[in-house]
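One structure is given here, and the rest of the page talks about it.
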Amino acid sequence: MNQLPDTHQHVLARHTIPAWSIIGLGSLALHIFLPQDVSHVVAAILLATIAGVYIGFAANDGRMSRIVVEATVACLFATFATWALITAPLLLPLGYIAHAGWDFLHHTPLFNVKMPKWYVPACVIYDVIVGVGLWLIWWL
């Protein structure tokens, strides 16, 4: 991974695991109070949105090959989120778990996109917490 200089010393960068765990748990709190059908819509929209973040990193990187890959994968996640919302909303947490896998791939030399070094583990943590948490909320 081609990392951007580590000039960000904010709390989200210095304390990645606890900070993003709190953010993930905090975003789950909303789903506890929403009607389940509304919670499904919010989860689908968020999944499609977070998948698009890597397009920004690829655009900043500047290589068209990276932009195409990231845009294609973001479209696939958006398509999955839409399909799951319409046909089987309880599968939406799988999208978050799959996105954690996509995040993890960015931590390998396979994806050499410039981004802050704290971003990938932050996103993995968030996606896993939200994916597992949504299953628990929706099934309980």
Subject >> Qualifying residues under side-chain contact (heavy atoms from CB on, under 4.5 Å), relative to Ile129, sequence neighbours excluded >> reply: Ser21, Leu25, Leu28, Ile125
Subject >> ILVMFWY network linking Phe33 to Trp135, side-chain heavy atoms under 4.5 angstrom >> reply: yes
Original post:
Transitively linked via ILVMFWY side-chain contacts under 4.5 Å: Ile55 with Leu76?
Top reply: no
Original post:
Hey, what's the ring geometry for Tyr54 with His99, parallel, tilted or perpendicular (30° and 60° as the breaks)?
Top reply: tilted
Subject >> Closest approach of His106 to Val120 (non-hydrogen atoms, all atoms of both residues) >> reply: CB-CG2, 3.8 Å
**OP:** Kindly determine whether Val53 and Glu70 satisfy side-chain contact (heavy atoms from CB on, under 4.5 Å), including the steps that lead there.
**Re:** CA-CA 9 Å; Val53 171; Glu70 299 297 349; over 6 Å; no
Subject >> Under the side-chain contact (heavy atoms from CB on, under 4.5 Å) test, residues paired with Thr16 that sit two or more places apart >> reply: Trp20, Trp118, Pro121, Ala122
Original post:
Which heavy atom of Pro116 sits nearest a heavy atom of Phe57, and at what distance?
Top reply: CD-CE2, 3.6 Å
Original post:
Could you give the distance from CG (Leu46) to CD1 (Ile50), rounded to the nearest 0.5 Å?
Top reply: 5.0 Å
Original post:
Are the side chain of Tyr96 and the backbone of Val132 linked by a donor-acceptor contact shorter than 3.5 Å?
Top reply: no
**OP:** Kindly work out whether a path of hydrophobic side-chain contacts (I/L/V/M/F/W/Y, heavy atoms less than 4.5 Å apart) joins Tyr126 to Tyr119.
**Re:** yes
Original post:
If you take all heavy atoms of Gly131 and Pro93, which pair is closest and at what distance?
Top reply: O-CB, 3.2 Å
Subject >> Rounded distance (nearest 0.5 Å) linking atom OG of Ser39 with atom CD1 of Ile32 >> reply: 9.5 Å
**OP:** Indicate, with yes or no, if Met115 and Val69 share a hydrophobic cluster defined by side-chain heavy-atom contacts under 4.5 Å among Ile, Leu, Val, Met, Phe, Trp and Tyr.
**Re:** yes
Original post:
Just how far is it from atom CG of Leu85 to atom CG of Leu47, taken to the nearest 0.5 Å?
Top reply: 10.5 Å
Subject >> Minimum heavy-atom distance Asp127-Ala100, with the two atoms named >> reply: OD2-N, 3.5 Å
Original post:
How long is the span from the CD1 atom in Ile67 to the CG atom in Asn60, to the nearest 0.5 Å?
Top reply: 9.5 Å
**OP:** Establish whether Leu94 and Phe77 are linked, either directly or via other cluster members, by ILVMFWY side-chain heavy-atom contacts under 4.5 Å.
**Re:** yes
Original post:
If every non-hydrogen atom of Leu92 is compared with every non-hydrogen atom of Ala43, which pair is closest and at what distance?
Top reply: CD1-CB, 4.3 Å
Original post:
In chain order, what residues pass the side-chain contact (heavy atoms from CB on, under 4.5 Å) check against Trp83, with sequence neighbours excluded?
Top reply: Phe80, Thr87, Leu91
Original post:
So, for Ala51 and Ala74, which heavy atoms are closest and what is the spacing to 0.1 Å?
Top reply: O-CB, 3.5 Å
Subject >> Any donor-acceptor N/O pair, Gln36 side chain to Trp138 backbone, under 3.5 Å >> reply: yes
Subject >> Passing candidate, side-chain contact (heavy atoms from CB on, under 4.5 Å) with His31, options Val42, Leu136, Val38 >> reply: Val42
